[in-house]
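Quick note: numbers below take in every heavy atom, side chains included, and nothing from hydrogens, waters or symmetry partners.
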Amino acid sequence: MKELKIFGVVAVLSLITYWGVEPFAHSQMHKHVEGHDFKYDGSADIEEAKAKIEEAKVAKRGVAEAEAKLSAKKTFWADVARISKINGNATAGKATFAMCASCHNGQPINMGGVIPPKLDHAGALYDKNYLVALIKDPTMASNVDHKYADPTKMHPMAAVKGMVSTDQQIADVVAYIKADKAGKVTPKVAYEEACGRCHANRYGKLTPIGDTPAVFKTEKEEYTHKLKVIEEQEKIKAYMGTTPPDLSIMIRARGEHFLETFVENPQSQLAGTSMPRVGLSHDGFEEVKAYLEETGDNHKEERSSLGIWVIAFFVVFTILAYLWKDFHWRDLH
């Protein structure tokens, strides 16, 4: 029994140490942000705007501007909620969507700092409210209006407001996207369409201009490809202010909760960032997460399946060790 007591003490101390070093320390090092279950109703943006007012009051400057921004956000998201309730006509939306396709055509052509995303699976990946908001005002929807406070700067997608200007047109386009651009999507495709235009994924052999060929025919071809990637990354850096990080092992480095809340609203984790809100739905996020788990830890399933056998080994070994000890020591007790 003495050995079992010693084992119990060691086990308890080990568990306390693990909890203190990993979960507890992690919670103290990184601020906790509440998620919103991928519902885009503007509540997070409005709360941030209210916090800015309080900061302005403490600083005793910029209060009027902060209050005006709060009012604008409340009005914007109220309009989004109203438009979302309008019955959209997918047939009419198809004709309007044709104007969107002139930029969102799947070609790696940089426009205004970034390559426009493909919308082949937009209906399956993105939340309806977010799509409505994005068409109505890209800067407000993406929560990067602070980046375009200077009236001389314009969001690359701002021109869409002139083409799709009425509430009914917005509802029609979103209805078409949800009906005809919502096919089955794989994790890799979800990542490419939602993240791949800015973020490289080295382990997935993905760059902002697409897949890295497995084999290059000549050294010149390899150098040409690398040069194109570098040139694209420089354009993105000029637009974003910094080079977006490689996401190969991001989910392992930061954790699922960080990634989820960052995708929902980057400002919640990194105030002032140029990273726009992505607008993924819960299902869309799950597909992107699956790809990041695949590239960041492609042996996870193998390791998980092996884990039960390792535990079984230790259980059997512990029983045998105890029986061996009991056999040799029973006459000494």
Side-chain angles (χ1 to χ4, degrees), residues 30-49 51 73-74 76-86 88 117-145 157 170-171 173-179 181-199 201 244 247 250-252 254-271 273-294 296:
H30 302 285
K31 66 177 181 178
H32 181 74
V33 175
E34 292 293 338
H36 294 80
D37 197 28
F38 299 98
K39 290 181 173 59
Y40 304 96
D41 57 5
S43 57
D45 301 20
I46 291 169
E47 288 303 315
E48 286 173 7
K73 286 182 181 291
K74 284 182 175 180
F76 173 76
W77 286 104
D79 286 343
V80 169
R82 177 176 50 78
I83 296 170
S84 292
K85 296 177 181 177
I86 298 175
K118 289 198 297 184
L119 301 178
D120 293 356
H121 304 89
L125 291 175
Y126 304 110
D127 175 77
K128 178 183 177 181
N129 270 16
Y130 177 75
L131 290 173
V132 169
L134 191 67
I135 296 171
K136 183 171 178 59
D137 188 333
T139 62
M140 293 285 272
S142 302
N143 202 15
V144 290
D145 47 299
M157 191 180 158
I170 294 174
V173 171
V174 173
Y176 171 71
I177 291 174
K178 282 293 183 180
K181 299 294 181 180
K184 178 64 178 176
V185 59
T186 64
K188 181 181 178 182
V189 168
Y191 173 86
E192 289 177 323
E193 294 189 11
C195 314
R197 298 170 298 117
C198 296
H199 296 277
N201 189 307
L247 299 183
M250 184 59 69
I251 196 166
R252 293 181 65 188
R254 292 285 191 165
E256 181 180 335
H257 179 74
F258 175 90
L259 189 66
E260 177 180 328
T261 52
F262 195 77
V263 167
E264 280 187 329
N265 182 23
Q267 302 301 325
S268 66
Q269 292 283 5
L270 190 61
T273 181
S274 295
M275 164 79 180
R277 172 185 284 125
V278 180
L280 287 172
S281 64
H282 184 272
D283 291 341
F285 173 76
E286 288 298 319
E287 294 297 338
V288 171
K289 183 181 76 170
Y291 185 71
L292 291 176
E293 288 178 337
E294 178 186 334

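D120 CG to I177 CD1: the interatomic distance, rounded to the nearest 0.5 Å, is 11.5 Å. We find the CD-CD distance between Q267 and E47 to be 15.0 Å, quoted to the nearest 0.5 Å. One finds the OG atom of S43 at 12.5 Å from the NZ atom of K74 (value rounded to the nearest 0.5 Å). In this structure, M140 CE and W77 CH2 are separated by 8.5 Å, a value rounded to the nearest 0.5 Å. The line from NZ of K118 to NZ of K181 is 10.5 Å long, rounded to the nearest 0.5 Å. Rounding to the nearest 0.5 Å places CE of M157 at 10.0 Å from CG of D137.
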**Report entry** Derivation and outcome, side-chain contact (heavy atoms from CB on, under 4.5 Å), residues K136 and I83
**Finding:** CA-CA 10 Å; K136 183 171 178 59; I83 296 170; 4.0 Å; yes
Requested in this report: Show your working on side-chain contact (heavy atoms from CB on, under 4.5 Å) between H121 and E192 and close with a plain yes or no.
Outcome: CA-CA 11 Å; H121 304 89; E192 289 177 323; over 6 Å; no
Query raised in the report: Passes side-chain contact (heavy atoms from CB on, under 4.5 Å), K178 versus L131? Steps please.
Result: CA-CA 10 Å; K178 282 293 183 180; L131 290 173; 4.2 Å; yes
Report task. Would you please test L247 and Y191 for side-chain contact (heavy atoms from CB on, under 4.5 Å) and show each step? Result -> CA-CA 10 Å; L247 299 183; Y191 173 86; 3.8 Å; yes
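In this structure, the side chain of K128 engages the main chain of S84 through a donor-acceptor pair within 3.5 Å. A side-chain donor-acceptor contact under 3.5 Å links T261 to the backbone of F258. Here the side chain of N143 pairs no donor or acceptor atom with the backbone of R277 at under 3.5 angstrom. Checked by atom type and distance alone, the side chain of S142 never pairs as donor or acceptor with a backbone atom of V144 at under 3.5 Å. Formation of a donor-acceptor pair under 3.5 Å by the H36 side chain with backbone atoms of G42 is not found in this model.
Residues passing the salt bridge (Lys or Arg N to Asp or Glu O under 4.0 Å) test with K39, sequence neighbours excluded: D37.
Nearest heavy-atom pair, H257 versus G35, reported as atom, atom and distance to 0.1 Å: CE1-N, 4.4 Å. Across all their heavy atoms, V185 and V189 have their closest contact at CG2-CG1, 3.8 Å. Residues G123 and A182 approach most closely at C-CB, 3.7 Å, considering heavy atoms.
Ring-plane geometry between Y130 and Y126 is classed as tilted, the angle between the planes lying from 30 to 60 degrees on a 0 to 90 degree scale.
Residues M275 and F262 meet the side-chain proximity criterion, which asks for heavy atoms closer than 4.5 Å. In this structure, E193 and P117 have side chains that are not in contact, with every pair of non-hydrogen atoms separated by 4.5 Å or more.
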Distance-only criterion, 3.5 Å: show the donor-acceptor pairs between side-chain atoms of residues 280-293 and protein atoms not counting sequence neighbours.
unit_1, atom_1, unit_2, atom_2, d
S281, OG, L125, O, 3.2
S281, OG, G284, N, 3.1
E286, OE1, K289, NZ, 3.3
K289, NZ, E256, OE2, 3.0

